[in-house]
2 protein chains.
Amino acid sequence: MYEKKIPKDFSCGMAVLMEIIGGKWKSYLLFLIGKGVRRPSELHRQVPAATKRVLNLQLKELEFHGIIGKDIYPELPPRVEYFLTDFGQSLMPVINAMDNWGSGYVGEFRQLMERKSELSGIHN
Amino acid sequence: MYEKKIPKDFSCGMAVLMEIIGGKWKSYLLFLIGKGVRRPSELHRQVPAATKRVLNLQLKELEFHGIIGKDIYPELPPRVEYFLTDFGQSLMPVINAMDNWGSGYVGEFRQLMERKSELSGIHN
DNA sequence: CAGAATCCAAATAGATACTG
DNA sequence: CAGTATCTATTTGGATTCTG
């Protein structure tokens, strides 16, 4: 399995939360699963910029921390459905607070990023 | 300057927030500055595990996003004091919500990490 | 004390091809 | 469809040294 070499300090609640939801796509995944998007292929369709591999890795971490669970139906073709655990549900208000705050800043944030791009000559 | 090559998608408020506070030590820094720890040397003393360089990088990012500001006193020896902007203040309730949730999970989290370490044979 | 410069290590993500 | 394996690229953080 994966072995981290640099110790992290989890004395602070923030650090614990960041460890749990800190991946690049975990917030989307939680958001979507919270909205009822359950199957891996659907999730991938909603977040096409990420590869299956990365989504799977992050889903595994969320599962490891008990935030989500999965039902596996041994059919053909195989079917898997993710869901929020009770513990995961307890996280949703925090997620929503984070999303709300961020949403209020999206516009200004984009401008800031454009200014930054101009300065360094990048034009996506 | 630093040029990112992989585009990020900030359509979601969560992603914006994570971009702003997502660094390894930013949460500590905000927490400490919010508590009134102002000077770089003090901050470094409170977070000795991080190097000055990294703390500076993260402080700069927080400053770039308008979360914190700094007063520079051109004295000898030089003195710098960070402070939360109004915008940064607006973030604190979210930070606190995140910290509270995480704090409630610290114990269980540590156990989980130990179990993980046992499995892979790591004993820090 | 504050912080920039350089070099390097670790962590994380992406591309692609493959299996049941 | 779901998931893994392998390889590569990018991003981020750490160590050290140096300056005013």
Side-chain angles (χ1 to χ4, degrees), chain A residues 1-9 15 18-29 33 37-64 68-82 116 120 122 124, chain B residues 1-9 15 18-29 33 37-64 68-82 116 120 122 124:
Chain A
M1 221 191 185
Y2 177 60
E3 171 183 345
K4 298 208 163 119
K5 309 226 165 140
I6 294 182
K8 300 192 178 180
D9 182 355
M18 292 301 285
E19 179 74 8
I20 293 177
I21 65 166
K24 185 167 180 181
W25 308 101
K26 283 184 196 167
S27 46
Y28 288 102
L29 291 170
I33 295 173
V37 182
R38 307 192 174 298
R39 301 188 56 183
S41 49
E42 291 174 43
L43 289 167
H44 192 195
R45 234 167 288 138
Q46 299 288 329
V47 193
T51 61
K52 281 191 305 179
R53 191 185 90 92
V54 172
L55 292 183
N56 267 330
L57 283 173
Q58 308 216 343
L59 286 165
K60 266 188 190 167
E61 289 181 30
L62 290 171
E63 197 189 351
F64 175 75
I68 61 175
K70 72 199 272 192
D71 291 324
I72 303 175
Y73 301 86
E75 308 168 347
L76 231 63
R79 183 159 61 99
V80 166
E81 295 189 352
Y82 289 97
K116 193 179 180 182
S120 51
I122 305 169
N124 294 316
Chain B
M1 219 190 188
Y2 177 59
E3 171 181 347
K4 297 202 164 130
K5 310 227 166 139
I6 295 182
K8 301 192 178 179
D9 182 355
M18 292 301 283
E19 180 74 7
I20 293 177
I21 65 165
K24 185 167 179 180
W25 308 102
K26 283 185 195 165
S27 46
Y28 288 102
L29 291 171
I33 295 173
V37 183
R38 308 194 171 297
R39 302 188 57 183
S41 50
E42 292 175 41
L43 290 167
H44 192 196
R45 234 167 288 138
Q46 299 288 329
V47 193
T51 61
K52 282 191 303 176
R53 191 185 88 93
V54 172
L55 292 183
N56 268 330
L57 283 174
Q58 308 216 342
L59 287 165
K60 265 189 191 168
E61 289 181 29
L62 291 171
E63 197 189 352
F64 175 74
I68 62 175
K70 71 199 274 192
D71 290 324
I72 303 175
Y73 300 87
E75 309 167 348
L76 229 63
R79 184 158 62 98
V80 166
E81 294 189 353
Y82 288 97
K116 193 178 179 183
S120 50
I122 305 169
N124 294 317

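Protein chains get the first letters and strands the later ones, always in sequence-line order, with residue 1 at the start of each.
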Practice task
Select from V54(A) and P78(A) the residue whose nearest nucleotide in DNA chain C is closer to the 5' end of that strand.
Solution key: V54(A)

Practice task
Using a heavy-atom cut-off of under 4.0 Å over every strand shown, decide if Q58(B) touches base, sugar-phosphate, or nothing.
Solution key: sugar-phosphate

Completion exercise
note: R79(B), atom CZ; dG20(D), atom C1'; distance rounded to Å ~ 18 Å

Practice task
Identify whether NZ of Lys or CZ of Arg in R38(B) sits under 6.0 Å from the centre of the six-membered ring of Y82(B) and within 45° of that ring's axis.
Solution key: no

Handout entry: Atom-pair distance (NE2 on H44(A); P on dT16(C)), nearest Å
Key = 13 Å

Practice task
Give the B/S/- string for nucleotides 3-8 of chain D, one per nucleotide from 5' to 3', where a protein heavy atom under 4.0 Å of the base yields B, of only the sugar-phosphate yields S, and otherwise -.
Solution key: BBBB--

Completion exercise
For V37(B) and L43(B) the tightest heavy-atom approach is CG1-CD2, 3.7 Å

Problem - Nearest atoms (heavy-atom pairs only) where L62(A) meets I20(A) - result: CD2-O, 3.7 Å

Exercise for the section: Could you state the atom-to-atom distance from NZ of K24(B) to C1' of dG14(D) in whole Å? Expected result: 9 Å

Handout entry: Protein-nucleotide distance (K8(A), atom NZ; dT12(C), atom C1'), rounded to Å
Key = 10 Å

Practice task
Before accepting this row, confirm whether a basic side-chain N of the pair E81(B)/K70(B) lies closer than 4.0 Å to the acidic partner's carboxylate O.
Solution key: no

Exercise for the section: For N56(A) and T51(A), run side chain to side chain contact (heavy atoms under 4.5 Å, CB included): C-alpha distance rounded to whole Å, both residues' side-chain angles, the deciding distance at 0.1 Å, then the answer. Expected result: CA-CA 9 Å; N56(A) 267 330; T51(A) 61; over 6 Å; no

Handout entry: Length of the CG-P vector between L76(B) and dC1(C), whole Å
Key = 12 Å

Problem - Distance, rounded to the nearest Å, where E63(A) contributes CD and dA2(D) contributes P - result: 14 Å

Handout entry: Interatomic distance where CD belongs to E75(A) and C1' belongs to dA2(D) [whole Å]
Key = 12 Å

Handout entry: Check: Q58(A) side chain, K26(A) main-chain N or O, donor-acceptor pair, under 3.5 Å
Key = yes

Fill in the blank from the handout: Heavy atoms of L55(B) and A50(B) approach each other most closely as CD2-CB, 3.7 Å

Exercise for the section: Check whether any side-chain nitrogen or oxygen of T51(B) sits under 4.0 Å from OP1 or OP2 of dG13(D), and answer yes or no. Expected result: no

Practice task
Using atom NZ of K26(A) as one end and atom C1' of dA11(C) as the other, report the distance to the nearest whole Å.
Solution key: 12 Å

